[in-house]
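To start, the structure under review is shown below, and the notes come after it.
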Amino acid sequence: MPSSRFYLGRVIKLGNLTSDGVIGAIRESVSVQIRGIRYTFTDFQIFRTNDQVKGVYARLAKYRAEGTVEVVRPDVHSMGQEAIENLIEASSPFIYLPEFSGIAYKHVWNLQREQFVRAFCELVEAREHNFFVRCDIEPVTDLRTFVTRLSRLEEITLLHASVKPPNPLFGPCWEPLKEYVRKRRLEEVTIKEESVAGISTKVAEIATKMSAGTTSAPELRELMEPLLNGVGDAALLMAADGYGHGKVVGTEENRTVTIKTSDNQKSFVFDSDPPPEELFQTAYEQFGKINDERYLDH
């Protein structure tokens, strides 16, 4: 059976948007138009355990209100074009997991990640009439790949991260930053640290220990403790967990190198047209492993 790649991200809910609001937008979908192409959600299914919603399956459909298809006209022994309404161009199956604010969505060649994210968020916001709601999807970074790239840098000259309120999870390495965001009632924090001489940072060491899974949550907190007054590392790790986006600039063999959290998005390979329940189970297991590896908790 053909297989496809599924990307993992976090659905960031801002303003009055809630998980129920996201689910409602998927279940009772509107339609939005972006650059002449329309998008909507289809094939909604919900998965519950003990009356608690654990996941939602649907497809993000990309279509044209009016399109044409090539047909055979056997009576005149020719081919021609026939008009058709709501012509599907692509669709991407996905799973939304409110427990993790998580989403797993299929890579489709003519429905790229940027298109999927924009269309998904605009559909959710439009369902709420764009009234005091904002939806974003941020990638969950594959820490092992990210760490491998960071370890090659001889020095780091810039750390830059924009992070958003995590809900419902928090991680031991960035819990104080999460509390700062919460207490200040902030929707986004941007942190930039820069030094031509090289930043004194433990971000590669901490990320390595996190990805190895051999360091306890209290030990990770201790590694972060001296850095709480300079929160660049915490912000970058928070972004890597899917609550923002960040980048690191440094030098490698006398070259300037930029490493972005979005360039190392975590993913898994699964059936191209999976049964909804199997995709739900696999996505749930993937996010459960991420929680365990990174000590994310409610």
Side-chain angles (χ1 to χ4, degrees), residues 5-10 12 107 109 112-114 116-117 136-164 166 171-178 188-217 219-269 286 289-290 293-296:
R5 186 163 299 278
F6 287 77
Y7 292 112
L8 302 183
R10 303 277 184 198
I12 309 297
H107 168 73
W109 74 269
Q112 299 293 326
R113 280 184 288 180
E114 295 79 8
F116 182 97
V117 168
D136 291 324
I137 294 178
E138 296 287 0
V140 176
T141 301
D142 185 327
L143 274 185
R144 287 176 175 81
T145 306
F146 189 55
V147 164
T148 300
R149 290 294 295 115
L150 287 178
S151 65
R152 296 178 189 162
L153 297 180
E154 292 144 15
E155 64 178 9
I156 292 174
T157 55
L158 183 140
L159 288 175
H160 187 278
S162 291
V163 295
K164 298 162 186 176
C173 287
W174 44 263
E175 185 179 1
L177 180 57
K178 171 239 184 188
E188 188 167 359
V189 174
T190 298
I191 293 168
K192 180 180 180 181
E193 297 182 345
E194 191 169 9
S195 172
V196 175
I199 299 171
S200 177
T201 171
K202 291 185 178 180
V203 68
E205 176 188 348
I206 295 165
T208 298
K209 291 181 180 296
M210 288 174 66
S211 64
T214 56
T215 308
S216 68
E219 288 172 322
L220 288 173
R221 287 192 189 95
E222 288 179 10
L223 282 171
M224 294 297 297
E225 193 64 36
L227 302 170
L228 294 183
N229 291 326
V231 293
D233 288 12
L236 192 67
L237 293 168
M238 187 171 170
D241 283 334
Y243 293 104
H245 52 273
K247 69 177 181 179
V248 176
V249 178
T251 56
E252 178 184 344
E253 297 180 351
N254 297 319
R255 295 182 297 114
T256 299
V257 176
T258 300
I259 303 169
K260 298 179 181 178
T261 54
S262 58
D263 292 337
N264 303 279
Q265 186 166 5
K266 198 165 180 64
S267 63
F268 63 92
V269 175
Q286 289 286 327
K289 288 179 182 176
I290 291 170
E293 289 172 357
R294 307 185 190 185
Y295 301 102
L296 301 182

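Throughout, numbering of the chain's residues begins at 1 and tracks the sequence. Only this structure's heavy atoms are used, side chains among them; waters, hydrogens and symmetry mates stay out.
Between atom CG of residue Asp136 and atom NZ of residue Lys164 there is a gap of 3.5 Å, rounded to the nearest 0.5 Å. For the atom pair OG of Ser162 and NZ of Lys192, the computed distance is 11.0 Å after rounding to the nearest 0.5 Å. Atoms CD and CD1, on Glu194 and Ile199 in that order, are 7.5 Å from each other to the nearest 0.5 Å. Rounding to the nearest 0.5 Å gives a distance of 10.0 Å between CZ of Arg149 and OG1 of Thr258.
For Pro166 against Lys178, the heavy-atom pair with the smallest separation is CG-CG, 3.3 Å. Taking all atoms of both residues into account, the shortest heavy-atom contact from Arg5 to Ser267 is NH1-OG, 2.8 Å.
Counting heavy atoms from C-beta outward, His160 and Glu193 have side chains that stay 4.5 Å or more apart. Contact annotation: the side chain of Arg144 approaches that of Glu293 to within less than 4.5 Å [non-hydrogen atoms, C-beta and beyond]. At a threshold of 4.5 Å between non-hydrogen side-chain atoms, the residues Leu236 and Thr201 do not count as touching.
A donor-acceptor contact shorter than 3.5 Å links the side chain of Asp233 to the backbone of Val203. Between the side chain of Arg294 and the backbone N or O of Gly171 there is no donor-acceptor pair closer than 3.5 Å.
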Under 3.5 Å, side-chain donor or acceptor atoms of residues 242-250 against the rest of the protein: list the pairs with distances, not counting sequence neighbours.
{"residue": "His245", "atom": "ND1", "partner": "Glu138", "partner atom": "OE2", "Å": "3.2"}

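Within the structure, salt bridge (charged side-chain N to carboxylate O under 4.0 Å, His left out) contacts touching residues 253-263 (residues at least two apart or in different chains) are Glu252-Arg255.
Checked against ring pair (Phe, Tyr, Trp, His ring centres under 6.0 Å), Phe146 has no partners two or more places apart in sequence or in another chain. Partners of Asp142 under the salt bridge (Lys or Arg N to Asp or Glu O under 4.0 Å) rule, at least two apart in sequence or in another chain, do not exist in this structure. Residues passing the side-chain contact (heavy atoms from CB on, under 4.5 Å) test with Ala235 are Ala161, Val163, Leu177, Ile191, sequence neighbours excluded. For Thr148, the side-chain contact (heavy atoms from CB on, under 4.5 Å) test picks out Arg152, with sequence neighbours left out.
Ring geometry, His107 versus Tyr7: the interplanar angle exceeds 60°, so the pair is classed perpendicular (tilted spans 30 to 60°).
With Asn264 as the fixed residue, the side chain to side chain contact (heavy atoms under 4.5 Å, CB included) test singles out one of Leu150, Val140, Thr145: Thr145.
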> So Ile137 and Arg113, side-chain contact (heavy atoms from CB on, under 4.5 Å) or not? Walk me through it.
Replying inline: CA-CA 10 Å; Ile137 294 178; Arg113 280 184 288 180; over 6 Å; no
